[in-house]
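Structure, as structure tokens:
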Amino acid sequence: MRLDNMLLAEGVSGPEKGGGSAAAAAAAAASGGSSDNSIEHSDYRAKLTQIRQIYHTELEKYEQACNEFTTHVMNLLREQSRTRPISPKEIERMVGIIHRKFSSIQMQLKQSTCEAVMILRSRFLDARRKRRNFSKQATEILNEYFYSHLSNPYPSEEAKEELAKKCSITVSQVSNWFGNKRIRYKKNIGKFQEEANLYAAKTAVTAAHAVAAAVQNNQTNSPTTPNSGGYPPSCYQSDGRLQ
């Protein structure tokens, strides 16, 4: 029953043997319905359809073999009934043995099909996780922007484009990241307060270094007051004449 429920939920078994609707729904649910992954959805559905077709083909073979073997045994029993009496219970018992044997074979088919579906789902979801995981540098850049604009963490379209270039990701991924970050932050502000303090301190240090560098640069590049004749300042009176 558990295997049957799983195959039905995954769209492998069911009344319709085309297998498109349930499989597509499962893929869309697993992917979140994003159009960015339409190619992956298509591959997932195609492979799931292949599993479904193989399952139904093998199932029909087993059912046909079971029926043919049952008919063959029934014919043998009828032949034997000419030489010895065979009760209906004996016939029923033989048919039950045959059906139990083929049921165990079908169970193995269901198990192997479920394993194939689980492997497919695992590969598909693992691939999605790899696509979702940004590099450490990209996460740092996004976090720095988020916490430096904590009062209004809603970047403009221009800011999103700039962040996307810096992080080597798409604008859509930037939007999704900020949406998820805002939700997580609001749900557990206390948990993210330490992270907010850390990025605030980093921002303050960076700003202090920038101010210090600017002051040092101004001092280095500030012009000195030239004096005519090259005399030292002590040689001049207050009105600028030589003593």
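Side-chain atoms are counted along with the backbone in the values below, which use heavy atoms only and exclude waters and symmetry mates. Residue numbers start at 1 and run along the sequence shown.
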* Structure fact -> Between the CD atom in E158 and the NZ atom in K160, the distance rounded to the nearest 0.5 Å is 10.0 Å
* Asked: Hey, does Q106 have a side-chain heavy atom less than 4.5 Å from the side chain of E63?
  -> yes
* Parallel, tilted or perpendicular: which fits the ring planes of F69 and F102, with parallel below 30° and perpendicular above 60°? -> tilted
* Find out if a path of hydrophobic residues (ILVMFWY) with successive side-chain heavy-atom gaps under 4.5 Å connects V95 to V73. => yes
* Approximate separation, where rounding is to 0.5 Å, of L77 CG and I86 CD1 -> 5.0 Å
* Closest approach of L142 to V174 (non-hydrogen atoms, all atoms of both residues) -> CD2-CG1, 4.4 Å
* Check: I105 main-chain N/O paired with Q108 side-chain donor or acceptor under 3.5 Å -> no
* Asked: What is the ring orientation for F146 with F178, classed by angle as parallel under 30°, tilted 30 to 60°, or perpendicular over 60°?
  -> tilted
* Which atom names give the shortest non-hydrogen contact between H99 and C66, and what distance separates them? -> CD2-SG, 3.5 Å
* What's the verdict on salt bridge (charged side-chain N to carboxylate O under 4.0 Å, His left out) for E92 and K89, showing C-alpha distance, side-chain angles and the deciding distance? -> CA-CA 5 Å; E92 184 179 347; K89 273 195 170 183; over 6 Å; no
* Minimum heavy-atom separation for P155 to P153, with atom names? -> CD-O, 3.6 Å
* Answer with yes or no whether the hydrophobic clustering places M94 together with I91; edges join I, L, V, M, F, W, Y residues whose side-chain heavy atoms lie under 4.5 Å apart. => yes
* Structure fact -> Paired with V171, the side chain to side chain contact (heavy atoms under 4.5 Å, CB included) test is passed by just one of E161, K165, E162, namely E161
* NZ/NE/NH1/NH2 to OD/OE distance under 4.0 Å, E90 and R84 -> yes
* Asked: Counting distance only, does the side-chain N/O of S168 pair as donor-acceptor with the main-chain N or O of A164 below 3.5 Å?
  -> no
* **C114 side, atom SG; I119 side, atom CD1 - distance, nearest 0.5 Å** => 11.5 Å
* Interatomic distance, R82 atom CZ to E79 atom CD [nearest 0.5 angstrom] -> 4.0 Å
* **Spacing of CD1 belonging to I98 relative to OG belonging to S103, to within rounding of 0.5 Å** => 11.5 Å
* To do: Compare all side-chain heavy atoms of W177 with those of Q173 and state whether any distance is below 4.5 angstrom.
  => no
* When you look at N143 and E140, which way does the side-chain contact (heavy atoms from CB on, under 4.5 Å) test go after all the steps? -> CA-CA 5 Å; N143 273 320; E140 285 287 322; 5.7 Å; no
* Spacing of I169 atom CD1 and T139 atom OG1 [to the nearest 0.5 Å] -> 8.5 Å
* Can a donor-acceptor pair be found between the side chains of Q64 and E68 at a distance below 3.5 Å? -> yes
* Asked: Of all heavy-atom pairs between T113 and Y55, which one has the smallest distance, and what is that distance?
  -> OG1-CD1, 3.3 Å
* Asked: Do other residues, nucleotides or ligands put more than 12 heavy atoms under 6.0 Å from the CD atom of Q137?
  -> no
* Asked: If you draw a 6.0 Å radius around NZ in K47, do more than 12 non-hydrogen atoms from other residues or ligands fall strictly inside?
  -> no
